[in-house]
Amino acid sequence: MNRFLCYRRAWLVLLLLLWSAAAAATATLQHVVVHHDSGHTRVIMRFSKTPAFNDFVLSSPVRAVIDMNATRRAKHTAAKGEGAVRDVRWGRRAHGTLRAVFDLAPGTHFAGVTRHGRELVARFDRGESSGSAGAPSRPPIVVVIDPGHGGKDPGTSGPHGLREKTVVLSIGRMVYDKLADTPGIKPVLTRHDDHFVTLADRVAIAQHQHADVFVSIHANASPGHPDVDGGTCYELSEHGASNAEAAQLAHFENSRDREVAGVRFSSDDMALNTVLTQMFQSQSINAADRLAQRIIHHFGQIEPLYHAKPLRANFEVLRDPMVVSVLCETAFLSNPTQAEKLHGHAFRAQLANAIYEGIVGYLKHNPPMHPSPTSPEIYIAKQDDTLDGIAARAGTTPALLMAINDLGSRRLEPGQRLIVPGLDDQDGKARLKRYKVQKGDTLYSIATAHDETVAALKSDNALDSTRLRVGQVLRVPPAPNAHGDS
């Protein structure tokens with residue numbers, strides 16, 4: 001009997017421990033407020049601890065959805081619609097997921113969710129009143145901030161034990177907060193706290209978030225040379241670029257996912273994929289050089305410069321050929337003077353502001369291109385084609401086509417494949433137009449209106465099925481009653 005009581009008590013203790021662990025792992029939504037000002041609406045949600053989450057948009061009617069894992073909502077937690085958010089609704093999903101649904105006003109753009117301590121902030125922007133109420137707004141510019149090291153990887157250390165992972169996380173959070181307060185930018189942190197993130201996972205986060213810009217933040221060290229100081233930035237080396245190209249092409253060989261940055265790569269022409277990858281890689285490295293120069297310029301206003309021009313290195317986090325990527329060395333922890341300054345908030349804030357000003361200055365003069373799924377176009381040269389003629393039809397120059405396609409001369413061979421941005425007359429048929437799918441459209445109704453077959457529309461748009469989504473852009477021939485080009 002005593003043995004039975006011992007077993008029973010042991011089970012009760014185990015159940016209590018399991019219940020306590022489950023309760024500790026669950027986040028509680030404690031407070032919600034909707035704030036609207038100057039065309040921008042924010043929904044601020046405060047938690048006992050911030051949960052992992054996913055967000056997406058649904059159409060007809062337009063709604064933004066946030067799913068928060070292992071989260072419950074405290075009693076009396078509610079919010080009324082305001083500004084771009086007409087209403088807020090809550091629901092429970094499987095496995096303890098809390099779902100928030102935001103009904104949005106027409107013309108609203110969901111700018112994403114950012115994390116501030118124990119808060120999640122959902123941001124919504126309304127288009128200007130002069131624009132069309134239903135017109136889609138420009139997607140936000142995604143900037144990934146990558147505080148280096150973390151967790152079991154402390155990075156370098158200063159003379160008094162100050163660790164690189166601590167310094168760069170502090171600076172990264174400051175940059176993140178400043179970007180989050182900048183309209184049109186969606187910042188993302190690769191780590192919010194002191195935990196280890198692999199180099200591959202840092203790149204994967206940027207890819208998953210469709211990053212336009214990636215900035216990795218570090219603190220430097222020069223053991224045995226305590227007088228060395230200053231900041232600088234790195235961009236990808238030529239060797240690293242060829243490694244990145246090889247990795248990208250291997251991905252195309254081994255994966256069914258052949259769409260990158262809105263461009264669908266070939267399933268059977270690796271030579272064409274090589275040209276596309278080299279083109280994007282070259283553009284990204286050139287852009288990274290401009291971004292690095294701007295950040296270095298702002299570093300120079302607050303500290304000595306380790307190098308006044310960007311350096312090149314084969315850092316793994318810089319290797320995505322589709323993302324403008326730089327690595328910033330903010331200061332030297334091995335320098336006693338700079339290490340002492342890095343202990344304080346003021347110098348960290350200055351470094352964060354330098355990085356922020358460099359990013360926004362770069363974006364102001366180099367807004368990222370968000371290519372459509374049909375750009376750039378691939379053109380197959382015909383018997384009588386000339387490079388000048390193709391360029392004229394595409395509204396571009398022969399020199400640009402030669403640079404994009406790495407051509408040594410203007411001579412073309414029949415069957416030669418070219419990247420020709422802006423060209424819609426690939427196969428000799430009538431010039432194709434862009435058509436945005438409306439509510440109620442079907443592939444059959446669109447084909448009928450444009451005197452085309454469903455099979456031809458599927459082929460022209462690389463569609464695997466006849467299902468369409470509202471807002472999807474299709475390439476279609478002009479309607480039979482159309483006059484002239486639009």
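- Checked against side chain to side chain contact (heavy atoms under 4.5 Å, CB included), His365 has the following partners two or more places apart in sequence or in another chain: Arg294.
- Smallest separation of non-hydrogen atoms from Ala331 and Phe347: CB-CE2, 4.2 Å.
- Nearest heavy-atom pair, Pro187 versus Thr114, reported as atom, atom and distance to 0.1 Å: CD-CG2, 3.7 Å.
- The line from OG1 of Thr41 to CZ of Phe124 is 8.0 Å long, rounded to the nearest 0.5 Å.
- To the nearest 0.5 Å, atom OG1 of residue Thr156 and atom CD of residue Glu164 are 6.0 Å apart.
- Two rings, from His218 and His149, have their centers less than 6.0 Å apart.
- Arg191 contributes a side-chain N or O that, together with a main-chain N or O of Pro147, makes up a donor-acceptor pair within less than 3.5 Å.
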Go through the steps for Arg42 and His35 under the test side-chain hydrogen bond (donor to acceptor under 3.5 Å, both in side chains), then give the verdict. CA-CA 5 Å; Arg42 293 186 178 191; His35 178 71; over 6 Å; no
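- To the nearest 0.5 Å, atom OG1 of residue Thr330 and atom CD1 of residue Ile355 are 6.5 Å apart.
- Enclosure of atom NE2 in His343 by more than 12 non-hydrogen atoms of other residues, nucleotides or ligands within 6.0 angstrom is indicated.
- Atom NZ of Lys165 sits about 11.5 Å away from atom NZ of Lys152, to the nearest 0.5 Å.
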Test side-chain hydrogen bond (donor to acceptor under 3.5 Å, both in side chains) on Tyr234 and Ser216; report intermediate values, then the result. CA-CA 10 Å; Tyr234 288 82; Ser216 191; over 6 Å; no
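- Annotation for Pro51 and Met68: closest pair CG-CB, 3.9 Å, computed over non-hydrogen atoms.
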Test side-chain hydrogen bond (donor to acceptor under 3.5 Å, both in side chains) on His109 and Asp125; report intermediate values, then the result. CA-CA 5 Å; His109 171 69; Asp125 300 324; 5.5 Å; no
If you apply the rule side-chain contact (heavy atoms from CB on, under 4.5 Å), what do you find for Leu311 with Lys309, and how did you get there? CA-CA 6 Å; Leu311 299 172; Lys309 292 185 178 180; over 6 Å; no
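- Remark: Lys178 engages Asn353 in a side chain to side chain donor-acceptor pair (under 3.5 Å) (not counting sequence neighbours).
- Partners of Arg348 under the salt bridge (Lys or Arg N to Asp or Glu O under 4.0 Å) rule, at least two apart in sequence or in another chain, do not exist in this structure.
- Distance check: Ile141 CD1 to Tyr362 OH gives 9.5 Å after rounding to the nearest 0.5 Å.
- Taking all atoms of both residues into account, the shortest heavy-atom contact from Gly148 to Val168 is O-CG2, 3.3 Å.
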Test side-chain hydrogen bond (donor to acceptor under 3.5 Å, both in side chains) on Arg163 and Ser157; report intermediate values, then the result. CA-CA 4 Å; Arg163 293 180 170 183; Ser157 296; 4.9 Å; no
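- Interatomic distance, Gln338 CD to Asn220 CG, rounded to the nearest 0.5 Å: 9.5 Å.
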